[in-house]
Amino acid sequence: MIIIMRNGAPQDQVTAVIDRVSQLGFKPHISPGEERTIIGVIGDERRLDESTFDLMEGVERVVRVLKPFKLASRDFHPEDTVITVNGARIGDQPVVVIGGPCSVESREQVFEAAEIVKANGGMIFRGGAFKPRTSPYSFRGMGDKGLELLAQIKSSLGLAIITEVMSPEQVPMVAGVADILQVGTRNMQNYALLDAVGRSARPVMLKRGMMSTIEELLMSAEYIMSNGNEQVILCERGIRTFETTTRNTLDVSAVPVLKELTHLPVFMDPSHASGRARYVNALSRASVAAGADGLLIEMHPHPEMALSDGAQSVSPDVYTQTIADLRRVAEAVGRSL
Ligand code: PEP
Ligand code: MN
């Protein structure tokens, strides 16, 4: 249920409503808008009647939220959430591109990649230290040593870091280096991990499960948010369909659908979606045109030598060209990059 206060309702009326929500055993969620305050009621609202609040002073309207997600819903929080990381305003007007290799492989490799991201105006660098691999025999990342290299990138180049966290126990250690915690597609419904990142103070990028619906993605975001962490970035990274020419199918519809249902920033990952470096430019342009707030792009200084996801990693030249192309698309849809 959401309680919409009248335009300009005085603070004491707002406070009275909030107190009433708490007295009834529900958790109030306050969204102070520019014109009016919206108070969300969190809990099992089947035992709550609209009339409880309808008659209170300053209340304009009481609306039942039928969607199963609340904190993530735009009904609860009409204004876009903006998450600031290293000066990049994620979810705001500029499109934010995050680039870097799939995995951290060596000091030379990550520094070379990070210099290219920086030269292209990037403020956030990606790279996995802990890798969830389909085969246990594949390269599973450098672990702690990889995190240490990411920390060095951060201190010497001033780039913020996003890297994946795979288990609740790893959260404090990864959050010690990462500016954004990445929850991968395979862990979108790892509820213990969602609870743990929800208790962290770091923003979280939640990737859509490759077999998950948009509603399931939002319910996973709700797990993180209900633990107190409202800094969640959603990322569509391709879903499984019957199509086999691409690794996954990029669900471009997810952008307008998510922008309607939620206030959270929406990213696209054209690399995991296509599985082929040569399709990354086109899918990136489509994503920005559709209204994505940002992109997560895999770029490797020497894709043919990559220890993971080489086939989908763009070269530095293609990365640079893609950023230039995206600037023009962003401008065409009223944004910047
Ligand atoms: C990645 O970003 O390298 C990754 C493993 O992504 P996903 O979880 O989407 O497969
Ligand atoms: Mn990858």
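Just the heavy atoms: all of them, side chains too, but no hydrogens, waters or symmetry mates, feed the values below. All ligand and atom numbering here is 1-based and tracks the order in the structure.
Here is the list of ligand 1 atoms found below 4.0 Å of a heavy atom in E298: 1 (C), 3 (O). Atoms of ligand 1 found under 4.0 Å from any heavy atom of C102 (numbered from 1 in listed order, with element): 3 (O). Which parts of ligand 1 touch E164 is read off a 4.0 Å heavy-atom cut-off, strictly below it: atoms 5 (C). Taking every heavy atom of G184 and a limit of under 4.0 angstrom, the matching atoms of ligand 1 come to 8 (O). Atom numbering of ligand 1 starts at 1 in the shown order; those under 4.0 Å from a heavy atom of R237 are 7 (P), 9 (O), 10 (O). Close approach of ligand 1 to R186 (heavy-atom distance below 4.0 Å) involves ligand atoms 10 (O).
The shortest contact between atom 4 (C) of ligand 1 and any protein heavy atom is with H272 NE2, 3.4 Å. Protein heavy atom closest to atom 8 (O) of ligand 1, with residue, atom name and distance, is T185 N, 2.8 Å.
Taking the Mn ion (ligand 2) as the apex, the angle formed with OD2 of D309 and OE2 of E298 is 120°, to the nearest 10 degrees.
Between the side chains of R6 and Q13, no donor-acceptor pair of N or O atoms lies under 3.5 Å.
Within the structure, the closest approach of G128 to ligand 1 does not fall below 4.0 Å when heavy atoms are considered. By the 4.0 Å heavy-atom criterion, R208 is excluded from the residues contacting ligand 1.
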| How far apart are the C-alpha atoms of D309 and Q312, what are their side-chain angles, what is the distance that settles it, and do they pass the side chain to side chain contact (heavy atoms under 4.5 Å, CB included) test? | CA-CA 6 Å; D309 287 348; Q312 69 193 33; 3.1 Å; yes
| query | Do V280 and V318 pass the side chain to side chain contact (heavy atoms under 4.5 Å, CB included) test, and can you show the C-alpha distance, the side-chain angles, and the key distance before you say yes or no? | reply | CA-CA 9 Å; V280 166; V318 173; 6.0 Å; no
| request: Would you sort out whether D317 and Q321 count as a side-chain hydrogen bond (donor to acceptor under 3.5 Å, both in side chains), showing the intermediate values? | output: CA-CA 6 Å; D317 286 351; Q321 183 62 52; over 6 Å; no
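Results of the side-chain contact (heavy atoms from CB on, under 4.5 Å) test with I124 over L159, V117, I90 single out I90 as the only residue that passes. Screening D251, T249, T246 for a side-chain hydrogen bond (donor to acceptor under 3.5 Å, both in side chains) involving T241 leaves a single residue, T249.
When the heavy-atom distances from atom 7 (P) of ligand 1 to M166, M205, K207 are ranked, the shortest goes to K207. In this comparison of R126, K131, Q312, the heavy atom closest to atom 2 (O) of ligand 1 sits on R126.
With respect to the salt-bridge test (charged N to carboxylate O, under 4.0 angstrom), the residues D54 and R61 do not qualify. A salt bridge links R126 and E298; the closest N-O separation between the charged side-chain nitrogens and carboxylate oxygens is under 4.0 Å.
Taking only nitrogen or oxygen atoms, main chain and side chain alike, Q182 reaches within less than 3.5 Å of ligand 1.
Contact annotation for M210 and ligand 1: no heavy atom of the residue comes within less than 4.0 Å of the ligand.
Ring pair H77/H263 is parallel by interplanar angle, where below 30° counts as parallel and above 60° as perpendicular.
Within a 6.0 Å sphere centred on CE of M305, heavy atoms belonging to other residues, nucleotides or ligands number 12 at most.
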